[in-house]
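Everything on this sheet refers to the single structure shown next.
As the structure is a computational prediction, the values presented were derived from the model and not from experiment.
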Amino acid sequence: MPLAIFDRLESEVRSYVRSYPTVFARAVGSHITNEDGREYLDFFAGAGSLNYGHNHPTLKAALIEYLQADGILHGLDMATQAKREFMETFERTILKPRRLDYKMQFTGPTGTNAVEAALKLARQVKSRNNILCFTNAFHGVTTGSVAATGSSKFRDATGASLTDTQFVPYANYYGRDVNTLNLIEKQLSDPGSGMDAPAAVLVECIQGEGGINTASADWLRGLASLCRRHDMLLIVDDIQMGCGRTGSFFSFEQAGINPDIVTLSKSISGYGLPMALVLIKPEYDIWAPSAHNGTFRGNNAAFVTATAALNTFWADNSFADDVRVKGRLLHQRLEHMRKRHPHITALRGRGMVAGIVLENSEMADAVSERCFEQGLIIETCGPHGEVVKMLPPLIMSEADLEKGLQIFDEALTHARRTLAPAVVEEISA
(Lines give C-alpha, C1' and ligand atoms only; values in the text may rest on other atoms or scores of the structure.)
Protein backbone atom coordinates (compact mmCIF):
# COMPACT_ATOMS: atom_id res chain seq x y z
CA MET A 1 0.00 0.00 0.00
CA PRO A 2 1.67 3.24 -1.14
CA LEU A 3 0.50 5.30 1.86
CA ALA A 4 1.19 2.65 4.52
CA ILE A 5 4.54 4.08 5.64
CA PHE A 6 2.96 7.51 6.16
CA ASP A 7 0.12 6.02 8.22
CA ARG A 8 2.52 3.93 10.28
CA LEU A 9 5.33 6.39 10.98
CA GLU A 10 4.23 9.96 10.33
CA SER A 11 2.64 11.96 13.13
CA GLU A 12 -1.11 12.26 13.32
CA VAL A 13 -0.61 16.02 12.85
CA ARG A 14 -0.33 15.51 9.08
CA SER A 15 -3.20 17.12 7.21
CA TYR A 16 -2.91 17.60 3.44
CA VAL A 17 -2.16 13.94 2.79
CA ARG A 18 -5.59 13.18 4.23
CA SER A 19 -7.20 15.43 1.62
CA TYR A 20 -4.98 14.22 -1.23
CA PRO A 21 -4.43 10.50 -0.51
CA THR A 22 -1.85 9.67 -3.17
CA VAL A 23 1.94 9.72 -3.50
CA PHE A 24 3.10 12.56 -5.73
CA ALA A 25 6.24 12.12 -7.79
CA ARG A 26 6.80 15.12 -10.07
CA ALA A 27 5.35 18.52 -10.93
CA VAL A 28 5.65 20.99 -13.80
CA GLY A 29 3.86 24.30 -14.17
CA SER A 30 0.26 23.92 -13.03
CA HIS A 31 0.30 20.12 -12.96
CA ILE A 32 1.32 17.53 -10.37
CA THR A 33 1.74 13.83 -11.27
CA ASN A 34 1.51 10.92 -8.86
CA GLU A 35 3.73 7.85 -8.94
CA ASP A 36 1.14 5.97 -11.00
CA GLY A 37 1.31 8.61 -13.73
CA ARG A 38 -2.02 10.28 -13.02
CA GLU A 39 -1.90 14.03 -13.55
CA TYR A 40 -3.68 16.57 -11.33
CA LEU A 41 -4.40 20.21 -12.05
CA ASP A 42 -3.18 22.36 -9.17
CA PHE A 43 -5.55 25.02 -7.76
CA PHE A 44 -3.62 25.01 -4.47
CA ALA A 45 -0.08 26.16 -5.43
CA GLY A 46 1.55 24.99 -2.24
CA ALA A 47 -0.82 27.12 -0.13
CA GLY A 48 0.39 30.13 -2.10
CA SER A 49 4.08 29.19 -2.15
CA LEU A 50 4.13 28.42 -5.88
CA ASN A 51 2.74 31.53 -7.55
CA TYR A 52 5.02 30.88 -10.53
CA GLY A 53 4.11 27.21 -10.73
CA HIS A 54 6.15 24.08 -10.17
CA ASN A 55 9.73 23.89 -11.44
CA HIS A 56 9.60 26.97 -13.63
CA PRO A 57 12.35 26.37 -16.22
CA THR A 58 14.04 29.76 -15.84
CA LEU A 59 14.17 29.52 -12.07
CA LYS A 60 15.29 25.89 -12.21
CA ALA A 61 18.10 26.74 -14.62
CA ALA A 62 19.35 29.52 -12.32
CA LEU A 63 19.35 27.17 -9.34
CA ILE A 64 21.12 24.36 -11.19
CA GLU A 65 23.77 26.74 -12.47
CA TYR A 66 24.36 28.03 -8.94
CA LEU A 67 24.63 24.52 -7.50
CA GLN A 68 26.97 23.35 -10.23
CA ALA A 69 29.24 26.32 -9.51
CA ASP A 70 29.42 25.31 -5.82
CA GLY A 71 27.61 28.47 -4.77
CA ILE A 72 27.25 29.04 -1.03
CA LEU A 73 24.13 27.39 0.36
CA HIS A 74 24.41 28.09 4.07
CA GLY A 75 25.73 31.46 5.12
CA LEU A 76 23.85 32.59 8.23
CA ASP A 77 23.58 36.36 7.69
CA MET A 78 27.00 36.74 6.11
CA ALA A 79 27.36 38.74 2.92
CA THR A 80 27.11 36.54 -0.17
CA GLN A 81 26.84 37.22 -3.87
CA ALA A 82 23.41 35.55 -3.99
CA LYS A 83 22.05 37.78 -1.22
CA ARG A 84 23.52 40.92 -2.77
CA GLU A 85 21.98 40.15 -6.15
CA PHE A 86 18.60 39.52 -4.56
CA MET A 87 18.67 42.78 -2.59
CA GLU A 88 19.74 44.80 -5.61
CA THR A 89 17.06 43.21 -7.76
CA PHE A 90 14.31 43.58 -5.17
CA GLU A 91 15.15 47.25 -4.74
CA ARG A 92 15.22 47.83 -8.52
CA THR A 93 12.11 45.87 -9.53
CA ILE A 94 9.85 46.20 -6.47
CA LEU A 95 10.77 48.99 -4.07
CA LYS A 96 11.88 51.83 -6.32
CA PRO A 97 9.02 51.58 -8.87
CA ARG A 98 6.58 51.79 -5.93
CA ARG A 99 8.54 54.53 -4.14
CA LEU A 100 8.89 52.37 -1.07
CA ASP A 101 11.76 52.79 1.36
CA TYR A 102 12.38 49.69 3.46
CA LYS A 103 15.28 47.95 5.15
CA MET A 104 15.32 44.17 4.67
CA GLN A 105 15.55 41.63 7.48
CA PHE A 106 16.07 37.98 6.60
CA THR A 107 14.60 35.87 9.38
CA GLY A 108 14.26 32.14 9.80
CA PRO A 109 12.87 30.56 6.64
CA THR A 110 9.10 30.46 7.26
CA GLY A 111 6.31 32.98 7.44
CA THR A 112 5.79 32.61 11.16
CA ASN A 113 9.47 33.52 11.70
CA ALA A 114 8.86 36.79 9.86
CA VAL A 115 5.74 37.55 11.91
CA GLU A 116 7.53 36.82 15.19
CA ALA A 117 10.30 39.23 14.23
CA ALA A 118 7.84 41.93 13.19
CA LEU A 119 5.93 41.70 16.47
CA LYS A 120 9.09 41.73 18.55
CA LEU A 121 10.42 44.76 16.72
CA ALA A 122 7.14 46.70 16.99
CA ARG A 123 7.10 46.14 20.74
CA GLN A 124 10.67 47.43 21.00
CA VAL A 125 9.92 50.51 18.90
CA LYS A 126 6.87 51.55 20.91
CA SER A 127 7.88 50.11 24.30
CA ARG A 128 4.43 48.53 24.59
CA ASN A 129 3.30 44.91 24.56
CA ASN A 130 -0.23 44.91 23.17
CA ILE A 131 -0.83 44.05 19.51
CA LEU A 132 -4.20 44.56 17.84
CA CYS A 133 -5.13 41.66 15.58
CA PHE A 134 -8.30 40.62 13.83
CA THR A 135 -11.08 38.10 14.02
CA ASN A 136 -10.38 35.12 11.70
CA ALA A 137 -6.74 36.15 11.27
CA PHE A 138 -4.01 33.59 10.64
CA HIS A 139 -0.34 34.48 11.13
CA GLY A 140 1.39 31.21 12.04
CA VAL A 141 1.56 28.59 14.76
CA THR A 142 4.60 29.57 16.83
CA THR A 143 3.66 31.15 20.13
CA GLY A 144 3.80 34.82 19.20
CA SER A 145 2.16 34.34 15.81
CA VAL A 146 -0.57 32.05 17.06
CA ALA A 147 -1.37 34.56 19.80
CA ALA A 148 -2.37 36.83 16.89
CA THR A 149 -4.31 34.05 15.14
CA GLY A 150 -8.05 33.86 15.62
CA SER A 151 -8.78 30.17 14.98
CA SER A 152 -9.44 28.13 18.10
CA LYS A 153 -8.05 25.06 16.31
CA PHE A 154 -4.57 26.57 16.28
CA ARG A 155 -4.85 28.45 19.56
CA ASP A 156 -6.05 25.43 21.53
CA ALA A 157 -3.13 23.32 20.26
CA THR A 158 -0.46 25.50 21.88
CA GLY A 159 -0.92 24.25 25.42
CA ALA A 160 0.21 27.63 26.75
CA SER A 161 -1.24 31.00 27.65
CA LEU A 162 -1.42 33.38 24.70
CA THR A 163 -0.96 36.96 25.80
CA ASP A 164 -0.27 40.52 24.68
CA THR A 165 -2.75 40.50 21.81
CA GLN A 166 -6.27 41.86 21.58
CA PHE A 167 -8.75 40.88 18.86
CA VAL A 168 -10.91 43.42 17.09
CA PRO A 169 -13.43 42.90 14.27
CA TYR A 170 -12.12 42.64 10.72
CA ALA A 171 -13.77 44.41 7.80
CA ASN A 172 -17.41 43.30 7.37
CA TYR A 173 -17.21 41.02 10.40
CA TYR A 174 -20.65 42.28 11.48
CA GLY A 175 -21.89 42.69 7.92
CA ARG A 176 -21.47 45.42 5.34
CA ASP A 177 -23.62 47.89 7.28
CA VAL A 178 -21.20 48.08 10.22
CA ASN A 179 -17.96 50.02 9.90
CA THR A 180 -15.72 48.05 12.24
CA LEU A 181 -13.13 50.84 12.25
CA ASN A 182 -15.58 52.98 14.19
CA LEU A 183 -15.82 50.27 16.83
CA ILE A 184 -12.04 50.02 17.08
CA GLU A 185 -11.71 53.80 17.25
CA LYS A 186 -14.20 53.90 20.12
CA GLN A 187 -12.24 51.32 22.10
CA LEU A 188 -8.94 53.09 21.50
CA SER A 189 -10.35 56.47 22.46
CA ASP A 190 -12.28 55.39 25.55
CA PRO A 191 -10.09 55.17 28.69
CA GLY A 192 -12.71 52.86 30.15
CA SER A 193 -12.60 50.27 27.34
CA GLY A 194 -9.96 48.15 29.04
CA MET A 195 -7.75 48.18 25.94
CA ASP A 196 -4.07 48.66 26.66
CA ALA A 197 -2.40 51.07 24.25
CA PRO A 198 -1.18 48.91 21.35
CA ALA A 199 2.27 48.93 19.83
CA ALA A 200 0.96 47.89 16.44
CA VAL A 201 -1.87 46.53 14.34
CA LEU A 202 -1.25 43.28 12.45
CA VAL A 203 -3.48 42.75 9.42
CA GLU A 204 -3.95 40.67 6.27
CA CYS A 205 -5.44 42.66 3.39
CA ILE A 206 -7.18 39.43 2.41
CA GLN A 207 -7.49 36.79 5.10
CA GLY A 208 -6.44 33.44 3.63
CA GLU A 209 -6.96 30.71 6.20
CA GLY A 210 -9.78 32.73 7.76
CA GLY A 211 -12.01 32.33 4.70
CA ILE A 212 -10.78 34.77 1.98
CA ASN A 213 -12.28 37.72 3.82
CA THR A 214 -11.40 40.81 1.81
CA ALA A 215 -10.88 44.31 3.16
CA SER A 216 -11.76 47.16 0.82
CA ALA A 217 -9.27 49.84 -0.15
CA ASP A 218 -11.28 52.38 1.84
CA TRP A 219 -11.20 50.19 4.95
CA LEU A 220 -7.43 49.70 4.65
CA ARG A 221 -6.87 53.42 4.21
CA GLY A 222 -9.03 54.03 7.26
CA LEU A 223 -7.00 51.52 9.25
CA ALA A 224 -3.74 53.23 8.24
CA SER A 225 -5.19 56.57 9.35
CA LEU A 226 -6.33 55.07 12.65
CA CYS A 227 -2.80 53.78 13.27
CA ARG A 228 -1.36 57.25 12.74
CA ARG A 229 -3.88 58.88 15.07
CA HIS A 230 -3.17 56.42 17.86
CA ASP A 231 0.60 56.11 17.42
CA MET A 232 0.55 52.45 16.37
CA LEU A 233 2.70 50.75 13.76
CA LEU A 234 0.87 49.17 10.83
CA ILE A 235 2.14 45.67 10.04
CA VAL A 236 0.82 44.00 6.89
CA ASP A 237 1.13 40.22 6.72
CA ASP A 238 1.55 39.63 2.98
CA ILE A 239 2.84 36.09 3.33
CA GLN A 240 0.09 34.36 1.34
CA MET A 241 -1.41 37.27 -0.61
CA GLY A 242 1.84 38.93 -1.67
CA CYS A 243 4.10 38.33 -4.66
CA GLY A 244 1.38 39.03 -7.22
CA ARG A 245 -1.55 37.00 -5.94
CA THR A 246 -3.99 39.95 -5.95
CA GLY A 247 -2.81 41.43 -9.27
CA SER A 248 -0.07 43.63 -7.82
CA PHE A 249 3.13 42.58 -6.08
CA PHE A 250 1.84 43.67 -2.66
CA SER A 251 -1.78 43.17 -1.66
CA PHE A 252 -1.90 46.67 -0.12
CA GLU A 253 -1.00 48.55 -3.32
CA GLN A 254 -4.62 48.98 -4.39
CA ALA A 255 -5.28 50.94 -1.21
CA GLY A 256 -2.28 53.19 -1.70
CA ILE A 257 -1.08 52.71 1.87
CA ASN A 258 2.52 52.52 3.09
CA PRO A 259 2.80 50.01 5.96
CA ASP A 260 5.49 50.45 8.58
CA ILE A 261 6.43 46.77 8.45
CA VAL A 262 5.61 44.08 5.85
CA THR A 263 6.14 40.33 6.18
CA LEU A 264 6.76 38.14 3.14
CA SER A 265 7.40 34.43 2.73
CA LYS A 266 5.77 31.60 0.71
CA SER A 267 6.25 32.75 -2.91
CA ILE A 268 9.08 35.23 -2.29
CA SER A 269 11.62 32.53 -3.26
CA GLY A 270 9.60 31.84 -6.40
CA TYR A 271 10.40 28.14 -6.32
CA GLY A 272 8.94 26.74 -3.14
CA LEU A 273 12.25 27.05 -1.29
CA PRO A 274 11.98 28.28 2.32
CA MET A 275 12.59 32.00 2.64
CA ALA A 276 11.12 34.81 4.72
CA LEU A 277 11.63 38.55 4.62
CA VAL A 278 10.62 41.46 6.85
CA LEU A 279 10.49 44.93 5.30
CA ILE A 280 11.01 47.70 7.83
CA LYS A 281 10.82 51.47 7.46
CA PRO A 282 14.39 52.66 8.17
CA GLU A 283 13.42 54.74 11.22
CA TYR A 284 12.07 51.62 12.93
CA ASP A 285 15.10 49.40 12.29
CA ILE A 286 16.34 49.66 15.87
CA TRP A 287 17.59 46.08 16.20
CA ALA A 288 20.85 45.56 18.05
CA PRO A 289 23.19 43.18 16.18
CA SER A 290 22.12 39.54 16.74
CA ALA A 291 19.08 40.61 18.79
CA HIS A 292 16.96 38.36 16.56
CA ASN A 293 18.85 35.61 14.80
CA GLY A 294 18.58 32.06 13.55
CA THR A 295 20.74 29.44 11.89
CA PHE A 296 18.75 29.36 8.65
CA ARG A 297 18.14 33.04 8.02
CA GLY A 298 20.12 33.15 4.79
CA ASN A 299 18.86 30.55 2.31
CA ASN A 300 21.13 31.35 -0.60
CA ALA A 301 19.44 28.87 -2.93
CA ALA A 302 16.21 30.77 -2.31
CA PHE A 303 17.95 34.07 -3.02
CA VAL A 304 18.97 32.70 -6.42
CA THR A 305 15.49 31.60 -7.45
CA ALA A 306 13.91 34.74 -5.94
CA THR A 307 16.21 36.93 -8.03
CA ALA A 308 15.36 34.94 -11.14
CA ALA A 309 11.65 35.28 -10.38
CA LEU A 310 11.90 39.05 -9.94
CA ASN A 311 13.80 39.45 -13.20
CA THR A 312 11.43 37.15 -15.07
CA PHE A 313 8.07 38.37 -13.81
CA TRP A 314 8.52 41.86 -12.35
CA ALA A 315 10.85 43.71 -14.70
CA ASP A 316 7.76 45.38 -16.20
CA ASN A 317 3.97 45.38 -15.74
CA SER A 318 3.09 42.63 -18.23
CA PHE A 319 2.91 39.80 -15.68
CA ALA A 320 0.73 41.77 -13.25
CA ASP A 321 -1.54 42.79 -16.14
CA ASP A 322 -1.93 39.13 -17.10
CA VAL A 323 -2.77 38.14 -13.53
CA ARG A 324 -5.49 40.78 -13.41
CA VAL A 325 -6.97 39.56 -16.71
CA LYS A 326 -7.10 35.95 -15.50
CA GLY A 327 -8.38 37.11 -12.12
CA ARG A 328 -11.34 38.81 -13.78
CA LEU A 329 -11.99 35.66 -15.79
CA LEU A 330 -11.88 33.54 -12.65
CA HIS A 331 -14.38 35.71 -10.78
CA GLN A 332 -16.69 36.07 -13.80
CA ARG A 333 -16.91 32.30 -14.16
CA LEU A 334 -17.62 31.90 -10.47
CA GLU A 335 -20.40 34.50 -10.62
CA HIS A 336 -22.04 32.47 -13.40
CA MET A 337 -21.78 29.34 -11.25
CA ARG A 338 -23.31 31.15 -8.31
CA LYS A 339 -26.46 31.77 -10.32
CA ARG A 340 -26.82 28.04 -11.02
CA HIS A 341 -25.77 26.65 -7.65
CA PRO A 342 -27.92 27.94 -4.78
CA HIS A 343 -25.64 26.32 -2.19
CA ILE A 344 -23.01 29.00 -2.99
CA THR A 345 -23.87 31.65 -0.41
CA ALA A 346 -21.11 34.17 -1.20
CA LEU A 347 -18.05 34.76 -3.35
CA ARG A 348 -14.92 36.47 -2.04
CA GLY A 349 -11.47 37.41 -3.20
CA ARG A 350 -9.50 39.56 -5.58
CA GLY A 351 -7.10 38.82 -8.41
CA MET A 352 -6.26 35.12 -8.58
CA VAL A 353 -7.54 34.18 -5.16
CA ALA A 354 -11.16 33.20 -4.68
CA GLY A 355 -13.23 31.96 -1.78
CA ILE A 356 -16.47 30.14 -2.55
CA VAL A 357 -18.61 30.14 0.57
CA LEU A 358 -20.87 27.10 0.79
CA GLU A 359 -23.69 26.36 3.20
CA ASN A 360 -21.61 24.22 5.55
CA SER A 361 -18.36 22.30 5.88
CA GLU A 362 -19.94 19.03 4.74
CA MET A 363 -20.71 20.57 1.38
CA ALA A 364 -17.24 22.12 1.11
CA ASP A 365 -15.54 18.83 1.98
CA ALA A 366 -17.69 16.95 -0.52
CA VAL A 367 -16.80 19.43 -3.26
CA SER A 368 -13.09 19.25 -2.45
CA GLU A 369 -13.15 15.45 -2.40
CA ARG A 370 -14.97 15.25 -5.72
CA CYS A 371 -12.50 17.70 -7.29
CA PHE A 372 -9.62 15.49 -6.23
CA GLU A 373 -11.34 12.41 -7.66
CA GLN A 374 -11.66 14.27 -10.97
CA GLY A 375 -8.05 15.43 -11.03
CA LEU A 376 -8.18 18.88 -9.37
CA ILE A 377 -6.34 19.78 -6.18
CA ILE A 378 -8.16 22.39 -4.13
CA GLU A 379 -8.51 23.14 -0.41
CA THR A 380 -11.01 24.46 2.10
CA CYS A 381 -10.68 27.18 4.72
CA GLY A 382 -12.82 29.44 6.90
CA PRO A 383 -13.76 29.26 10.59
CA HIS A 384 -16.05 26.28 9.99
CA GLY A 385 -14.29 24.85 6.93
CA GLU A 386 -17.18 26.09 4.81
CA VAL A 387 -15.13 27.98 2.19
CA VAL A 388 -13.48 26.41 -0.84
CA LYS A 389 -10.27 28.30 -1.58
CA MET A 390 -8.84 28.73 -5.07
CA LEU A 391 -5.13 29.61 -5.32
CA PRO A 392 -4.09 28.58 -8.85
CA PRO A 393 -0.53 29.33 -9.94
CA LEU A 394 -0.38 32.80 -11.45
CA ILE A 395 1.28 31.40 -14.59
CA MET A 396 -1.66 29.05 -15.25
CA SER A 397 -2.96 29.19 -18.82
CA GLU A 398 -6.53 30.30 -19.44
CA ALA A 399 -7.22 26.84 -20.89
CA ASP A 400 -6.15 25.15 -17.63
CA LEU A 401 -8.06 27.73 -15.61
CA GLU A 402 -11.20 26.93 -17.59
CA LYS A 403 -10.60 23.20 -17.21
CA GLY A 404 -10.27 23.50 -13.44
CA LEU A 405 -13.41 25.59 -13.19
CA GLN A 406 -15.33 22.99 -15.21
CA ILE A 407 -14.23 20.29 -12.78
CA PHE A 408 -15.25 22.50 -9.87
CA ASP A 409 -18.64 23.19 -11.48
CA GLU A 410 -19.30 19.47 -11.84
CA ALA A 411 -18.16 18.88 -8.27
CA LEU A 412 -20.73 21.36 -6.99
CA THR A 413 -23.48 19.47 -8.79
CA HIS A 414 -22.19 16.07 -7.68
CA ALA A 415 -21.85 17.10 -4.03
CA ARG A 416 -25.38 18.46 -3.99
CA ARG A 417 -26.76 15.21 -5.35
CA THR A 418 -24.79 12.80 -3.22
CA LEU A 419 -24.80 14.36 0.22
CA ALA A 420 -26.38 12.22 2.92
CA PRO A 421 -30.17 12.74 3.01
CA ALA A 422 -30.03 14.33 6.47
CA VAL A 423 -27.54 16.94 5.27
CA VAL A 424 -29.55 17.67 2.12
CA GLU A 425 -32.68 18.05 4.23
CA GLU A 426 -30.84 20.43 6.59
CA ILE A 427 -29.54 22.54 3.70
CA SER A 428 -32.93 22.64 1.99
CA ALA A 429 -34.59 23.77 5.18
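Between F134 and W219, a ring centre-to-centre spacing shorter than 6.0 Å is recorded. For an aromatic pair to be called close, the ring centres must be under 6.0 Å apart, and F303 with F106 satisfies this. In summary, the aromatic rings of H56 and F313 are positioned with their centroids under 6.0 Å apart. When ring centroids are compared, Y16 and F44 come within the 6.0 Å threshold.
Other residues, nucleotides and ligands place more than 12 heavy atoms under 6.0 Å from the CZ atom of R18. Heavy-atom contacts from other residues, nucleotides or ligands closer than 6.0 Å to CD1 of I72 number 12 or fewer. No more than 12 heavy atoms of other residues, nucleotides or ligands sit less than 6.0 Å from atom CD of Q81. Under a cut-off of 6.0 angstrom, the local environment of CZ in R99 is sparse, with at most 12 non-hydrogen atoms contributed by other residues, nucleotides or ligands.
None of D164, D196, D231 except one satisfies the salt bridge (Lys or Arg N to Asp or Glu O under 4.0 Å) rule with R128; the exception is D231.
Of the inter-residue distances, the one linking D218 atom CG with L223 atom CG reads 12.5 Å to the nearest 0.5 angstrom. Within the model, atoms CZ of F43 and CG of L391 stand 10.5 Å from one another, a figure rounded to the nearest 0.5 Å. Separation of atoms CD (Q254) and OG1 (T246) is listed at 7.5 Å; rounding is to 0.5 Å. Considering OG1 of T135 and CZ of F167, their distance stands at 8.5 Å, rounded to 0.5 Å.
Donor-acceptor pairing under 3.5 Å is lacking for the side chains of N293 and S290. Using modelled atom types and a 3.5 Å distance limit, the side chains of S30 and D400 yield no donor-acceptor pair. Side-chain atoms of T142 and T112 include a donor-acceptor pair closer than 3.5 Å. Residues E185 and H230 have side chains that bring a donor and an acceptor to within less than 3.5 angstrom of each other.
For R348, there are no salt bridge (charged side-chain N to carboxylate O under 4.0 Å, His left out) partners at least two apart in sequence or on another chain. With sequence neighbours left out, H74 forms a side-chain contact (heavy atoms from CB on, under 4.5 Å) with L76, T295, F296. For S225, the side chain to side chain donor-acceptor pair (under 3.5 Å) partners two or more places apart in sequence, or in a different chain, are R229. Every side-chain contact (heavy atoms from CB on, under 4.5 Å) that T22 has, sequence neighbours left out, goes to F24, N34, Y40, F372.
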List the steps, then state whether side-chain hydrogen bond (donor to acceptor under 3.5 Å, both in side chains) holds for N136 with Y173. CA-CA 9 Å; N136 291 315; Y173 183 74; 5.5 Å; no
Show the numbers, then the answer: is there a side chain to side chain contact (heavy atoms under 4.5 Å, CB included) between D7 and I5? CA-CA 5 Å; D7 292 336; I5 188 68; over 6 Å; no
Quick one: do N311 and T89 satisfy side chain to side chain contact (heavy atoms under 4.5 Å, CB included)? Show the steps, please. CA-CA 7 Å; N311 284 325; T89 306; 3.4 Å; yes
Show, in sequence, the C-alpha distance, side-chain angles and deciding distance for L401 and M390, and conclude whether the side chain to side chain contact (heavy atoms under 4.5 Å, CB included) test is met. CA-CA 11 Å; L401 187 60; M390 291 187 175; over 6 Å; no
Apply side chain to side chain contact (heavy atoms under 4.5 Å, CB included) to L329 and E398, showing your working. CA-CA 8 Å; L329 174 63; E398 287 191 14; 4.0 Å; yes
Donor-acceptor pairs under 3.5 Å, side chain of residues 280-288 to any protein atom, not counting sequence neighbours: which ones?
from: K281; atom 1: NZ; to: N258; atom 2: O; distance (Å): 3.3
from: K281; atom 1: NZ; to: D260; atom 2: OD1; distance (Å): 3.3
from: D285; atom 1: OD2; to: K103; atom 2: NZ; distance (Å): 2.9
from: W287; atom 1: NE1; to: Q105; atom 2: OE1; distance (Å): 2.9

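No side-chain donor-acceptor contact under 3.5 Å links Q68 to the backbone of Y66. Of the possible polar contacts, none joining the T149 side chain to the S151 backbone as a donor-acceptor pair under 3.5 Å is found. A donor-acceptor pair under 3.5 Å is formed between the side chain of S265 and the backbone N or O of M275. A donor-acceptor pair is defined here as one N or O able to donate and one able to accept, closer than 3.5 Å; such a pair exists between the side chain of H331 and the backbone of G351.
Residue pairs that meet the salt bridge (charged side-chain N to carboxylate O under 4.0 Å, His left out) test with at least one member in residues 292-321, sequence neighbours left out, are D77-R297, D321-R324.
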